[in-house]
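A short worksheet on the structure shown next.
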Amino acid sequence: MQYKTLYKCLISLLVLLQVNFFDLITFPDWFFYNINSYSVKYLSTFLILIACLVRLIEYKSNSSIRENGQINFSVSLLLLLLFGTFITYQSSIVYKQTILTSFAISYYYLFVLGYFAFHNFFTRLENIKWFFDLIIYSSVFLSITKIIQSYLAGNFGKIFFGSYSTVDKNNLMTLSSDIVGFVRLPSASDFVFFASMLLVVTFLVKKISIKNKFTILFINIFSCLLLVKHVLMY
């Protein structure tokens, strides 16, 4: 398997975790609440570390990368990791807790390693276009599943898809809906909004056809009106 394919698989998994596999797969509650949820990203961090390992293996096995100095592990990134480790250690002393406990709270700085892992991958325009497509079409699919669930729950009391968002679950349990009968499911709003911004960028650089533009734009705007309604607007 080529390294490019490995990177695509890892990025796709990160996106799937972010959207909770579109709520189509039922996992035990402890999986998303304790391992990978809106605020807990242990599994995502683990995938980033795997991507770093893949990057190191690629660097060791490809002489052209070594000759061009494409390791991308810059001094600034190194300093950030050192300071992060130092702060974690000092936190364990100040708050009288174990280093493991401090790390479990402050592990987010490891996300910066994603730059080291994926920088070279995103230097190619074709990979950037692939990533944009992945986010945009994932957003469309997520929007569709949320709209279907919102409508079925609001009008028929049916919960067709699972949900790992506390707010979404509470709204589905109480059938909190607006005047048009859609249950408010705001958990997807961040991802949909981010995809909408990528969509705008895609428009500006004119990388997709006019037909696809309006189809995707309509679905995203419609879903934003349903999913972001009554929550903080961007």
Side-chain angles (χ1 to χ4, degrees), residues 1 3 5-57 77 80-81 83-89 91-92 95-119 121-122 131 134-135 137-146 149-150 153 159-173 183-195 227 231:
M1 182 181 291
Y3 289 107
T5 305
L6 280 173
Y7 291 132
K8 284 186 175 182
C9 289
L10 289 168
I11 293 170
S12 298
L13 280 173
L14 286 169
V15 172
L16 286 173
L17 285 172
Q18 183 62 33
V19 299
N20 296 330
F21 290 88
F22 305 105
D23 293 335
L24 296 178
I25 302 177
T26 302
F27 292 96
D29 286 343
W30 60 263
F31 179 82
F32 275 113
Y33 290 133
N34 298 323
I35 297 180
N36 210 90
S37 65
Y38 186 82
S39 58
V40 179
K41 298 294 182 184
Y42 292 126
L43 189 52
S44 295
T45 305
F46 178 69
L47 289 177
I48 290 175
L49 293 176
I50 290 179
C52 289
L53 180 60
V54 172
R55 177 61 179 161
L56 285 172
I57 294 174
L77 183 56
L80 180 62
L81 292 175
F83 282 125
T85 303
F86 176 75
I87 292 172
T88 300
Y89 175 72
S91 297
S92 66
Y95 297 105
K96 297 179 181 179
Q97 58 192 18
T98 65
I99 293 179
L100 187 61
T101 301
S102 297
F103 175 76
I105 299 172
S106 62
Y107 66 93
Y108 284 97
Y109 71 86
L110 291 177
F111 276 33
V112 181
L113 288 172
Y115 169 80
F116 161 72
F118 299 116
H119 176 272
F121 176 82
F122 284 114
F131 178 71
L134 174 67
I135 296 298
Y137 288 109
S138 294
S139 170
V140 170
F141 189 74
L142 178 64
S143 300
I144 292 172
T145 59
K146 289 294 185 180
Q149 178 62 91
S150 177
I159 301 178
F160 189 74
F161 301 108
S163 178
Y164 297 98
S165 164
T166 302
V167 176
D168 286 3
K169 270 189 172 182
N170 291 338
N171 288 347
L172 287 172
M173 292 294 292
V183 173
R184 185 168 63 92
L185 303 175
S187 64
S189 58
D190 288 346
F191 189 83
V192 171
F193 176 76
F194 175 65
L227 302 177
V231 299

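Leu53 is linked by a side chain to side chain contact (heavy atoms under 4.5 Å, CB included) to Ile57, counting only residues two or more places apart in sequence or in another chain. For Phe83, there are no ring-ring contact (aromatic ring centres under 6.0 Å, His included) partners, not counting sequence neighbours. Remark: Ala153 pairs with Gln149, Leu172, Leu175, Val183 by the side chain to side chain contact (heavy atoms under 4.5 Å, CB included) rule, at least two apart or across chains. For Phe21, the ring-ring contact (aromatic ring centres under 6.0 Å, His included) partners are Phe27, not counting sequence neighbours. For Ser92, the side chain to side chain donor-acceptor pair (under 3.5 Å) criterion is met by no residue, not counting sequence neighbours. With sequence neighbours left out, the side chain to side chain donor-acceptor pair (under 3.5 Å) criterion links Thr85 to no other residue. With sequence neighbours excluded, the residues forming a ring-ring contact (aromatic ring centres under 6.0 Å, His included) with Phe111 are Tyr108, listed by chain and number. Partners of Leu80 by side chain to side chain contact (heavy atoms under 4.5 Å, CB included), not counting sequence neighbours, listed by chain and number: Val112. By the side chain to side chain donor-acceptor pair (under 3.5 Å) test, Ser12 pairs with no residue at all, sequence neighbours left out. Applying the ring-ring contact (aromatic ring centres under 6.0 Å, His included) criterion to Phe122, with sequence neighbours excluded, gives Phe131. Scored by the side chain to side chain contact (heavy atoms under 4.5 Å, CB included) test, Ile87 finds Ser91 as partners (sequence neighbours excluded). Thr88 meets the side chain to side chain donor-acceptor pair (under 3.5 Å) test with Ser106; sequence neighbours excluded.
Using a 4.5 Å cut-off on side-chain heavy atoms (C-beta onward), Thr98 and Phe103 make no contact. Using a 4.5 Å heavy-atom cutoff, the side chains of Leu81 and Phe116 are not in contact.
Distance check, rounded to the nearest 0.5 Å: CG of Leu110 to CG of Leu49 gives 6.0 Å. Summarising the geometry, atom OH belonging to Tyr107 is positioned 10.0 Å from atom CD1 belonging to Ile48; distances are rounded to the nearest 0.5 Å. Going from atom CG of Leu16 over to atom CD1 of Ile11 covers 12.0 Å, rounded to the nearest 0.5 Å. Once rounded to the nearest 0.5 Å, the distance linking CG of Asp23 with CG of Leu142 reads 7.5 Å.
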Test Val15 against Ile135 for side-chain contact (heavy atoms from CB on, under 4.5 Å), laying out the working first.
-> CA-CA 8 Å; Val15 172; Ile135 296 298; 3.8 Å; yes

Taking it one step at a time, do Ser139 and Phe194 satisfy side-chain contact (heavy atoms from CB on, under 4.5 Å)?
-> CA-CA 9 Å; Ser139 170; Phe194 175 65; over 6 Å; no

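A side chain to side chain contact (heavy atoms under 4.5 Å, CB included) with Ser44 is found for exactly one of Asn36, Leu13, Ile35, namely Asn36.
Between Tyr7 and Arg55, the shortest heavy-atom distance links the atoms OH-CA, 3.2 Å. The nearest pair of heavy atoms linking Ser187 to Lys146 is OG-NZ, 3.4 Å. For the pair Thr145 and Phe22, the tightest heavy-atom approach, listed with the atom from each and the gap, is OG1-O, 4.0 Å. Taking every heavy atom of both residues into account, Ser143 and Val192 meet most closely at OG-CG2, 3.6 Å.
Between the Tyr42 side chain and the Ala104 main chain, a donor and an acceptor come within less than 3.5 Å of each other.
Classified by interplanar angle (parallel below 30°, tilted 30° to 60°, perpendicular above 60°), the ring pair Phe118/Phe121 is perpendicular.
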